[in-house]
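Step one of this worksheet: look at the structure below.
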2 protein chains.
Amino acid sequence: MTHPLRKHIEEIISVTDEEFTFILSHFTTIKKRKHQYIVQEGEIVNKEYWIIKGCLKSYFVDNAGKEHILQFGMENWWITDYESFVNQTKSKTSIDCIEDSELLYITFENRDKLTQKMHKMERFWAKKSKIGRISLQNRILSLLKNSTKEKYDLLLEQYPKLFQRVPKKMIASYLGVSRETLSRLNE
Amino acid sequence: MTHPLRKHIEEIISVTDEEFTFILSHFTTIKKRKHQYIVQEGEIVNKEYWIIKGCLKSYFVDNAGKEHILQFGMENWWITDYESFVNQTKSKTSIDCIEDSELLYITFENRDKLTQKMHKMERFWAKKSKIGRISLQNRILSLLKNSTKEKYDLLLEQYPKLFQRVPKKMIASYLGVSRETLSRLNE
């Protein structure tokens, strides 16, 4: 059976069996239970994660103690505090598991080594970074422009499976509305 | 005198005279007057711009006809509709000049050629893309979390020169508030 990470990488670049074995040797597998953290606010993040199985959320807490969800992550997604990982500064966000999850991670050093040795993995991550940037840009357009109903419909269209897996209060937190407002949208 | 683009590139990678001449041969210089467009909503964007001199804004118009500013651009910044440029889809934003501006642009094809031939330019743009992604992530955190006053202070801290160059109504549009609200912040 083809490794899921290989399938994922081959959506963008082709790799031989030897190359994939070499790529995979830079990764480590971990399992986390529901509610466990992979990133905590304030730490310097040294790992980027790829989700084999499970569901996670990236979020921050404002001065009033309110949680704001920046991003959800599910199978085949990359997740980390990107600013902390790239700049080696303190993380502004936390990431924890909404379900029991199985992850692969690559450290900052290993990612650097791998891209130095395999130019096409640099191309792979450059492409992934572009996709991530575009999705953030669309989130900003949506935050500035859309009504709550439009934001909700966009989320539903982008991630139809999310709504079966994630509690309503988290959807509300992602959209920046109360649970009551969210309930009224569905009436 | 060192070319400003060379200075900019050498903040991240070193290039020889020959390499820089080769890089520059992939770019074209253009001049635009205040109020002229470089990107219009609905077109497929084939160029990425680097600002030699001037000031531009990237924005979109909502269904009610209200303009929302996504990003400002000044000297040494890259600007385009990134989603349209990368995916060759219709642009969701427009970009026009707030001042008379002098720009360099590189086409999609030339950028692809250049990165194929010079691995380190791929590294350069990968780094730039990471920086762009981080700045968008911080914009989302700010939109979700900060009060108008905090957003204003953050913008002032990030781009102190912007406030002398850009009309107050555009600052208000970037922050998503009315001009009256903005005036009250400065009292």
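Labels below follow one simple rule: chain letters A, B, ... track the order of the sequence lines, proteins then strands, and each chain is numbered from 1.
Shown here for B:R133 and A:L136, the closest heavy-atom pair between the two residues is O-CD1, 3.5 Å. Smallest separation of non-hydrogen atoms from A:A126 and B:E122: CB-OE2, 3.9 Å.
Looking at B:K66, there are no atoms closer than 4.5 Å to chain A (heavy atoms on both sides), in backbone or side chain. Contacts of B:L141 with chain A are made by both backbone and side-chain atoms, with heavy-atom separations under 4.5 Å. Neither the backbone nor the side chain of A:L175 comes within contact range of chain B; no heavy atom of the residue lies under 4.5 Å from a heavy atom of that chain. Contacts between B:E150 and chain A at a heavy-atom distance below 4.5 Å involve the side chain alone, from C-beta outward.
Note: the hydrophobic cluster containing B:L162 also contains B:L56 (ILVMFWY, side chain heavy atoms under 4.5 Å, direct or indirect links). Under the 4.5 Å side-chain contact rule for hydrophobic residues, B:M170 and B:F60 do not share a cluster. Placement of A:I140 and B:I79 in two distinct hydrophobic clusters is found when ILVMFWY residues are connected by side-chain heavy-atom separations under 4.5 Å, directly or transitively. No continuous path of ILVMFWY side-chain contacts below 4.5 Å connects A:I30 to A:I106, so the two sit in separate hydrophobic clusters. Hydrophobic clustering (side-chain heavy atoms under 4.5 Å, transitive across Ile, Leu, Val, Met, Phe, Trp, Tyr) keeps A:V39 apart from A:W50.
Distance check, rounded to the nearest 0.5 Å: OH of A:Y82 to CG of B:N138 gives 13.5 Å. Put simply, CZ on B:F85 and NZ on A:K130 are 8.0 Å apart, with the number rounded to the nearest 0.5 Å. Between the CG atom in B:N63 and the CG atom in A:N146 there is a gap of 8.5 Å [rounded to 0.5 Å]. One finds the NZ atom of B:K145 at 11.0 Å from the CG atom of A:L70 (value rounded to the nearest 0.5 Å).
Contact count versus chain A (heavy atoms, under 4.5 Å) is highest, among B:G176, B:S135, B:G132, for B:G132.
Residues B:Q137 and A:T93 are in side-chain contact: their nearest non-hydrogen atoms beyond the backbone lie under 4.5 Å apart. At least one side-chain heavy atom of A:L144 sits less than 4.5 Å from a side-chain heavy atom of B:R139. In this structure the side chain of B:L143 never reaches within 4.5 angstrom of the side chain of A:H68, judged on heavy atoms.
More than 12 heavy-atom neighbours from other residues, nucleotides or ligands sit within 6.0 angstrom of CZ on B:R165.
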